[in-house]
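So the structure is just underneath, and the comments pick up after that.
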Amino acid sequence: MPEVIYTIGGAAGQGVESSGAGLAKAHVRAGYHVFAAQDYESRIRGGHNFYQLRASDEPVHAHARHHSILIALDDVSVPQHVPEMRAGGAVIYDAGRDDVDAGAIADAGARAVPAPLIEIATTVGNDKVMANTVALSIASALTNFDFDAIAQIIRENFSRKGGAAVEENLAVARAGYEWGAERVDGFSHRLPPPPAGNGAGPSMLIHGNQAVALGAIAAGCKAVSGYPMTPWSTILEELTGARDLGIVVQQTEDEIAAIAFALGASWGGVRALTGSSGGGFALMVEHLSLAGMNEVPVVIVEVQRGGPATGLATRTEQPDLHFALHAGHGEFPMIVTALKDAVDGFYRTARCFNLAEQYQCPVILLSDLFTSNSLVSVPTSALDLEAVLAEIDRGKTLTYDAIEELAEPYGRYVFSEDGISPRAVPGHPNALVHGMSDEHDEFGGITEEATNRIAMMRKRMRKLEGAHTQMEPPTVYGPAEAPVSLVGWGGTWGVLTEVVDRSEGRFNLIHYTDLQPFPAGGVEPLERANTLVAVEQNFTGQLAQHLRAQTGVEIPNRILKYDGRHMTPGWVMEQLEEIA
Amino acid sequence: MPEVIYTIGGAAGQGVESSGAGLAKAHVRAGYHVFAAQDYESRIRGGHNFYQLRASDEPVHAHARHHSILIALDDVSVPQHVPEMRAGGAVIYDAGRDDVDAGAIADAGARAVPAPLIEIATTVGNDKVMANTVALSIASALTNFDFDAIAQIIRENFSRKGGAAVEENLAVARAGYEWGAERVDGFSHRLPPPPAGNGAGPSMLIHGNQAVALGAIAAGCKAVSGYPMTPWSTILEELTGARDLGIVVQQTEDEIAAIAFALGASWGGVRALTGSSGGGFALMVEHLSLAGMNEVPVVIVEVQRGGPATGLATRTEQPDLHFALHAGHGEFPMIVTALKDAVDGFYRTARCFNLAEQYQCPVILLSDLFTSNSLVSVPTSALDLEAVLAEIDRGKTLTYDAIEELAEPYGRYVFSEDGISPRAVPGHPNALVHGMSDEHDEFGGITEEATNRIAMMRKRMRKLEGAHTQMEPPTVYGPAEAPVSLVGWGGTWGVLTEVVDRSEGRFNLIHYTDLQPFPAGGVEPLERANTLVAVEQNFTGQLAQHLRAQTGVEIPNRILKYDGRHMTPGWVMEQLEEIA
Amino acid sequence: MTTVTPAPSPVTLNDYKPLFAEENTWCAGCGDFGILAALQQALVQLEIAPHRVMVVSGIGCGSKLPDYIRCNGWQTLHGRALPVAQGFRLVQHHMTVLAVTGDGDGLGEGGNHWIHAMRRNVNLTHLVENNQTYGLTKGQTSPTSDPGYISSTTPEGNVEFAINPISVALAAGATFVARGFSGSVKPLRDLIAMAIQHPGYAIVDILQPCVTWNRVEYTYKWFKQRVYDLAEEHDPADRTEAFRRSLEWGDRIPLGVFYREERDTLDAQTTAIQMEPERPVALRELPVSREQFEALKTKLT
Amino acid sequence: MTTVTPAPSPVTLNDYKPLFAEENTWCAGCGDFGILAALQQALVQLEIAPHRVMVVSGIGCGSKLPDYIRCNGWQTLHGRALPVAQGFRLVQHHMTVLAVTGDGDGLGEGGNHWIHAMRRNVNLTHLVENNQTYGLTKGQTSPTSDPGYISSTTPEGNVEFAINPISVALAAGATFVARGFSGSVKPLRDLIAMAIQHPGYAIVDILQPCVTWNRVEYTYKWFKQRVYDLAEEHDPADRTEAFRRSLEWGDRIPLGVFYREERDTLDAQTTAIQMEPERPVALRELPVSREQFEALKTKLT
Ligand SMILES: Cc1ncc(C[n+]2csc(CCOP(=O)(O)OP(=O)(O)O)c2C)c(N)n1
Ligand SMILES: Cc1ncc(C[n+]2csc(CCOP(=O)(O)OP(=O)(O)O)c2C)c(N)n1
Ligand code: SF4
Ligand code: SF4
Ligand SMILES: [Mg+2]
Ligand SMILES: [Mg+2]
């Protein structure tokens, strides 16, 4: 897989993210496959952030801890990232700096490229903020990336500032590109031509949270409530941007209110979504129990980050699996599923709404910080509205037309074989919708009577039997007979599939998404496997524990990462060498 | 086991509880072993409540669904409880009532005793509220219970109302007793003489929540915060009554504040307790994670009730085991233990404070509604302050004397082999206590650095290894080689031991109290057993699932009760007949 | 699809009697009966049919109210009636929405939702069943219990300053602020009717005797001797004056409307609602159009 | 056992400089710097040694303050500084306790604790770092954001009525209510010093420019043009007048003490504390006596 890895490092506020995003977009437009990951601290200015962009002629689904080109905007970048340089890579920095140890760069087998970043920015243009543009252009020249693609993005980004701004930036970029083009000799990290087939339609650059938001929109979600929390916030913000599609979006005073709003809206008859990250999700768990008791469909997105407490607020982890599986007091049906990547997140989110309405219960969608904010290029056709619409299933939701036909007095909780009772949209005289959060009878009225209690518990819990049949068994990726099977879940899909791809048949992957109710077919791949290795982004190996509880299979080997940094394919390979 | 079972049934507000409590106390004073259970609805007046009292010459630890004597104060008592009468039992009700079906009583093999309750109350005394006293006295006469014991309680209860009130009540009681004494012929449910050895010291009548409160007091708990919620409230109320022992007790605005207060007080240097029932506990879970991260000792009592949501607010269940085990976002050490009965609750609560301070982490004590409010007679010597004091261990808590000696600059989170760092009581110039809920370094300052993160996660989680060695393996009760082993946890101890006692060697019991970290020796009894039957007061068999996750042992048979009524030995025996 | 069978007309009190007669579990004489009656009468007076009404409650004695009135209703969690009611209202903005809470429920556990609901001005009516105690959990001190109140959690008398729902409502930006008394059903009915008609968040703080736990003060008699009607002495347009009145407590206790103001409601400012104000969000078609969706994706290319 | 080494005396500003120089992560120019400086100066002015001070914060930009001051400190959870600080205060009632919260933190997520802390009158000082935005999560609308504020969650401008911390504090029973401005450190220092000396809950609402997210209004310049000192025009004993003043916002923004009242603190009414007021609960012996314990059991016989 010929690929180029660009990394831009700098302080918060230095434009790392916007530079990276521009470069990424240019590569997507040019027809490359792109994967871009961000690493940032829990602060608004300063510190050290970096943005990493992989561009290739084949799909890329993970980030790497290697760099073909490092653009060092701050003084942390060189000491931190130079040891990770690929052989023959280049480190670009402003020639005016005296803190850069060019010797260290050479020692790492890379080429130091002190460049007139500020000089070009201030002489060709007249503002040193354009130094980033110079650096990107030099990098593009080195990798043989087409200047026109850069120019196109510059035109778009500066058009609202007027033609002069566009021209000035273009001039600066061109100067940088030319400066770089004169220095490509012997530089080996060159882009292959963009893949031909990739021109079938336009591609977009999308992160996990955007995909979830689009999935909710496609599924007809009409009420969203939430409170800001990294890394969940961008789902709330994306959906705020979609209010003109008729979606009620409410920022609430806290996460308790967020889920309560969602339940109120769902009771009103719409598809409702809320979410948070671990700490905010913790505040919602009493309401999961309420949703379970009163059989209120709701989708809760939990975008995991490093815990416990405030923890590593801007870093990734998968530490909340057990918590999500068992959240809420008392016993009630709840569905828990985890997304693999952005495209999967789109369809899975939409499916969550179907499951929530079919089984009239809370559905938790687990994501993680890494997947939520790393960007991947996908054809726009990959997120297919028609496919979502074709699957929409509101279960036994009674809209007014259906209520009109009701013959018997309506009871919200009538017993039924599958445990599901018709759920009326309130407002119609034929169906007053009445429910109490105490144990209740078929009409929703409070009763403590034992026979009714037993029947109601059975009715509610029976819904899990139906849901069970719809749960997806784990995906087995790679050769069926591989000597070693990795076992993973959720957002590590991209990394782990890349590990399998690189392993030349030595590994395969058993990857779980639907976690509760536990899917039929959930144990067979484990039983068929040779050596099992759980690979998780947490300390305790929560999936492995869950699998033992559900299947009895114990997974003896664990590769666990809990430093807040997402695992890379290379790191996983190294760990596997020690085990296998 | 010759025993008498009295049951008093009536509406809330009819004095069922106070009558029962008086009768129970009288029997304890007379030297009997007593167990008393209450069954009440979630309302303040009306409905149907009952109070059941078992008195015996041997210890009793469970309630029963049989009655030697039924005092029927309302119209629900007869239809509901008569089918449960023991052969030859008696049903006492006011002779003036015309709603009682005496034929049904006879059909049930019991004796109808229409009695002049109101007549005696209004002629011998002059207030019909004394009808209950008449009924109790008649019952006492029938069972051959000593009148003097009744008289003593009456004197105590009415002394603050003055001598005339005492005399009036005594006269009424005596009249009732005489009326009853004339009708004992052929009545077989007679009390044996009180056991002689039971006179070693005074006995008290205590419920689980009182025992927990006493345990906290004995352990030196100095800060209690909470919000009312059935069945936790009486712990808060008992401790409120102990403020003059120097305990700060604060009713807070909600459960979030309750645990936050407790953490603040613990940071201040004292032993702190909070608690709730399921729904209130759900609101505390974010703070468990905070306590885990910042290594703050705290004891949280979770008195379980019927869920989900508001559920069965005044009825018992064990539905929150999984929730408690996995509560809180992110990964951190937490200890979970469940009490067996009142006496165990006393010592276990005290131990929780030791564990919390030794491992500087949250400790959850699980109880349940049934155990929390059923009363059992125990010698006062059974709750031994000295034994608790002898065990007090504050771990690495640094009081000012120790801080005075500190040589090095103090860091709250210094690394150590056992993962525990000395915890200073703030206020001394040698040790400023600084901690941040973000990931932090040894001095408590925020850092996102990966190496530190890994070391801190390991340090915190390492504490579980120490705690693990202190966890109690399950108790095996009954013959080691029994063909069937019941598997239970927490507050079902009393019932299940009684089942074993009655089973003539057919059953034994493997009973778990310490649940997390999972105790060494937790699997062996399961492996040694023949047929395993999990017996739990919930729907999903949560202990059985937990055991599978921890040990791999699957328990094929389950006896589960989830109608909010506590299991009785007889009911469990019946269920076992079907399985074994 | 959204034709609704017209309601039986005229609306009568009988329409609001529970269909499946649940037994009422309130203590005889409880002030909650007066509140229930006043609410039923207000709805009849306003000719609102039961299916157009949604009552959301929390947990407590008073929060059992939805079980005793025939209309749409949900008893939720302790403290959470207001956010549930707001979420409902936003998607069903043609319905009459009431949040019914206890004092412990609405102002203690749910205090945060309360202050934010007021500033948000969602169009709903909030009835506070203010019995100055935690009734259902056996009479513990509540946030509105006056200093000195004796209970199992304050055996020597409460030492905390009581929340004054009227003052706080005025400060937090409520646009309709009133106080009623459950012992005077007719004036209470009228206050509730006004509150329902008010466009925006309307609170009626209802003084409600708890005959079981609050037997010393705050009885029917105690209140009857003290309450008076604000109407003639006070101009409800003046927020500062309303604040001054709200501080009156003890020998004279004002009832009636303290403050009233028209301010845009949240409905009126919610894009999704205003796109098609004549059709509540819950009654619209589910899917977005192909064009809308493609436009969203194009933004990401 | 409880002899405490005397503090270095006199106390200097240097004593409050962090020992293990954490890098400060606030943006250059952030108003939080002024608040930190004013707090440090106030503590020096009052000659309180660092080990006698406990600073509890929530989560947000401003809540990182404990990392930048050398004294006892705990950054807790978003919204929860106040209850943690209260629990601490009750067992360590000789220490100077500060709760430092953001506006989102203290008045949004933590709003319920806030209104109840005020009526409870625990003796602590509450500093609200009121930058009218959620700084740390990237500038979303906060409960104190004025209508019209544009952010990622209100792209067309905020439509909700802003919480006025001063009005709400007056209504909820706070006994010391003041407003400061982080751009004027000296007056702010003096307000904080008064608040610390006040026996009971004291709030200082601090107007704090966020130079990153709030660049249009609420800048240093915007505030400097509007703020004025209440002191000469206003009698802080008059609660209703204080309420009237609290409503002033826009062209003229009052700073200073709005209200001050002496009312028994919770410490003063807490049995356990008053049993031995000269020794904080945390410094007492752990066990109860044998007699006390036997007496408790005897009650149950
Ligand atoms: C989260 C939670 N905490 C506590 C409770 C217990 N609880 C039930 S009702 C109640 C108090 C009710 O008081 P109030 O709201 O004043 O209503 P009232 O009963 O007086 O009408 C409490 C604390 C609960 N159900 N849920
Ligand atoms: C329970 C919870 N919800 C949300 C967050 C995310 N969060 C962190 S800081 C913050 C907002 C901070 O705003 P504010 O309190 O005003 O402080 P500022 O950053 O403006 O100083 C939020 C919402 C969190 N950490 N915990
Ligand atoms: S306890 Fe009080 S509030 Fe509850 S029903 Fe009885 S009288 Fe009413
Ligand atoms: S984002 Fe605003 S509040 Fe936060 S540090 Fe920067 S200027 Fe200060
Ligand atoms: Mg109340
Ligand atoms: Mg802020």
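For the numbers below, each heavy atom of this structure counts, side chains included, while hydrogens, waters and symmetry mates do not. In what follows, chains carry the letters A, B, and so on, assigned in the order in which the sequence lines appear, proteins first and then strands, with residues in each chain numbered from 1.
Of the residues considered (B/Leu288, B/Asn452, B/Thr551), B/Thr551 shows the highest number of contacts with chain A, using heavy-atom pairs under 4.5 Å. The most heavy-atom pairs under 4.5 Å with chain B, out of A/Ser289, A/Gly280, A/Ser42, A/Ala313, come from A/Ser289. Highest contact tally toward chain B, considering only A/Asp320, A/Leu547, A/Thr451, A/Val553, is held by A/Asp320 [criterion: heavy-atom pairs under 4.5 Å]. Counting heavy-atom pairs closer than 4.5 Å to chain A, the top-ranked of the candidates B/Leu283, B/Leu321, B/Asn538, B/Leu290 is B/Asn538. With respect to chain A, the highest number of heavy-atom pairs below 4.5 Å among B/Glu554, B/Arg315, B/Lys561 belongs to B/Arg315. When each of B/His440, B/His287, B/Gln550 is scored by its heavy-atom pairs under 4.5 Å with chain A, the top score falls to B/Gln550. Considering only heavy-atom pairs separated by less than 4.5 Å from chain A, the leading option among B/Gly278, B/Gly292, B/Ser277 is B/Gly278. The candidate with the highest count of non-hydrogen atom pairs below 4.5 Å against chain A, out of B/Ala324, B/Gly307, B/Gly564, B/Gly311, is B/Gly311.
Atom CD of residue B/Glu449 and atom CG of residue A/Leu312 lie 11.0 Å apart, to the nearest 0.5 angstrom. Rounded to the nearest 0.5 Å, atoms CD (B/Glu331) and CD (A/Gln542) are 4.5 Å apart. Here the straight-line distance linking atom NE2 of A/His322 with atom NE2 of B/His322 works out to 8.5 Å at 0.5 Å rounding.
When heavy atoms are compared at a cutoff of 4.5 Å, B/Tyr562 approaches chain A by way of both its backbone and its side chain. Of the two parts of A/Ile256, only the side chain, counted from C-beta on, holds a non-hydrogen atom closer than 4.5 Å to a non-hydrogen atom of chain B. Using a 4.5 Å cut-off between heavy atoms, B/Thr314 contacts chain A through its side chain alone, with no backbone atom that close. B/Leu325 does not touch chain A: none of its heavy atoms, backbone or side chain, sits under 4.5 Å away. Only the side chain of B/Arg460 comes within contact range of chain A, with at least one heavy atom under 4.5 Å from a heavy atom of that chain.
Salt-bridge formation is detected for the pair A/Arg453/B/Glu317: a Lys NZ or Arg NE/NH1/NH2 atom is positioned less than 4.0 Å from an Asp or Glu carboxylate oxygen.
Shown here for B/Phe332 and A/Pro308, the closest heavy-atom pair between the two residues is CD2-CB, 3.8 Å. For the residue pair A/Ala549 and B/Ala549, the shortest heavy atom distance occurs at CB-CB, 3.4 Å. In terms of heavy-atom proximity, A/Gly552 sits nearest to B/Arg548 at N-NH2, 3.4 Å. Counting all heavy atoms, side chain and backbone alike, A/Tyr40 lies closest to B/Glu448 at O-OE1, 4.1 Å.
Looking only at side-chain heavy atoms (C-beta outward), B/Arg458 and A/Phe539 come within less than 4.5 Å of each other.
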Run the numbers on B/Met461 and A/Thr540 for side-chain contact (heavy atoms from CB on, under 4.5 Å), then give the verdict.
CA-CA 9 Å; B/Met461 298 303 279; A/Thr540 50; 3.7 Å; yes
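With sequence neighbours excluded, no residue forms a side-chain hydrogen bond (donor to acceptor under 3.5 Å, both in side chains) with A/His546. Scored by the side-chain hydrogen bond (donor to acceptor under 3.5 Å, both in side chains) test, A/Ser437 finds B/Thr310, C/Gln75 as partners (sequence neighbours excluded).
In this structure, A/His329 contributes its side chain and B/Ala309 its backbone to a donor-acceptor pair below 3.5 Å. In this structure, B/Asp563 contributes its side chain and A/Ile454 its backbone to no donor-acceptor pair below 3.5 Å.
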